[in-house]
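Here the structure is a predicted model, which is why all the values come from computation and not from measurement. Heads up: numbering here begins at 1 and tracks the sequence.
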Amino acid sequence: MQKKPCKNEPLKRKNPERDNYPHFRRYNKSKHPALITGEYSIEEYNYRKVMHNEKDGRHLNEIVSPNPNKFDNKPMYIAKRVRHDEKKNFSTWKYPWKYKE
């Protein structure tokens, strides 16, 4: 008999490549893009904030040059701190942008 996975238990998949991490999705709480880096659990994503500021509080952000968004002239910065939130707070579609780690 198989054990039902817990909400906070890491997700184990047979084919993890199908999700293609990292990718960008819209974070519905802030109405800004977010870089999805993986899955925290079955119901949550790991993500990093996307912004135009060099700093996030007192922390320096990583610059992405050139900006993957062709319609934006400002440089893109991504926070180094990884956060997690429920999948329902992100859009179902992905931005067509590419991120190289």
message = We want to know whether Tyr21 and Asn46 form a side-chain donor-acceptor pair, criterion being a heavy-atom distance below 3.5 angstrom.
response =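 Side-chain D/A pair, Tyr21 to Asn46: absent.
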message = If the test is ring pair (Phe, Tyr, Trp, His ring centres under 6.0 Å), which one of Tyr47, Trp97, Tyr95, Phe90 qualifies with Phe24?
response =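 Looking at Tyr47, Trp97, Tyr95, Phe90, the match for Phe24 under the ring pair (Phe, Tyr, Trp, His ring centres under 6.0 Å) is Trp97.
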ask   = So, the side chain of Arg25 versus the backbone of Pro33: is there a donor-acceptor pair under 3.5 Å, distance only?
value =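 Answer holds: no.
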ask   = Heavy atoms, side chains only, cut-off 4.5 Å: are Asp85 and Tyr27 in contact?
value =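 Counting from C-beta outward, Asp85 and Tyr27 do come under 4.5 Å.
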ask   = Do Ile63 and Pro75 have side chains that get closer than 4.5 Å, going by heavy atoms?
value =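 Yes; the side chains approach each other to less than 4.5 Å.
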Measure the [atom1]-[atom2] distance between [X] and [Y] for me, rounded to the nearest 0.5 Å.
X     : Y     : atom1 : atom2 : result
Met76 : Ile78 : CE    : CD1   : 6.0 Å
Asn20 : Ile36 : CG    : CD1   : 13.0 Å
Lys55 : Tyr77 : NZ    : OH    : 12.0 Å
Tyr99 : Leu35 : OH    : CG    : 6.0 Å
Asn61 : Arg81 : CG    : CZ    : 11.0 Å
Lys31 : Arg26 : NZ    : CZ    : 6.0 Å

key: Salt-bridge contact Asp56-Lys49 (side-chain N to carboxylate O under 4.0 Å)   =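 Result for this pair is yes, salt bridge flagged.
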query = Do NZ/NE/NH1/NH2 and the carboxylate oxygens of Lys88 and Glu43 come within less than 4.0 Å?
reply =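 Result for this pair is no, no salt bridge flagged.
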To check you understand the geometry: which heavy-atom pair defines the closest contact between [X] and [Y], and what is its length?
X     : Y     : answer
Ala79 : Met51 : CB-CE, 4.0 Å
His52 : Asp72 : CE1-OD2, 2.7 Å
Lys87 : Glu39 : NZ-OE2, 2.7 Å

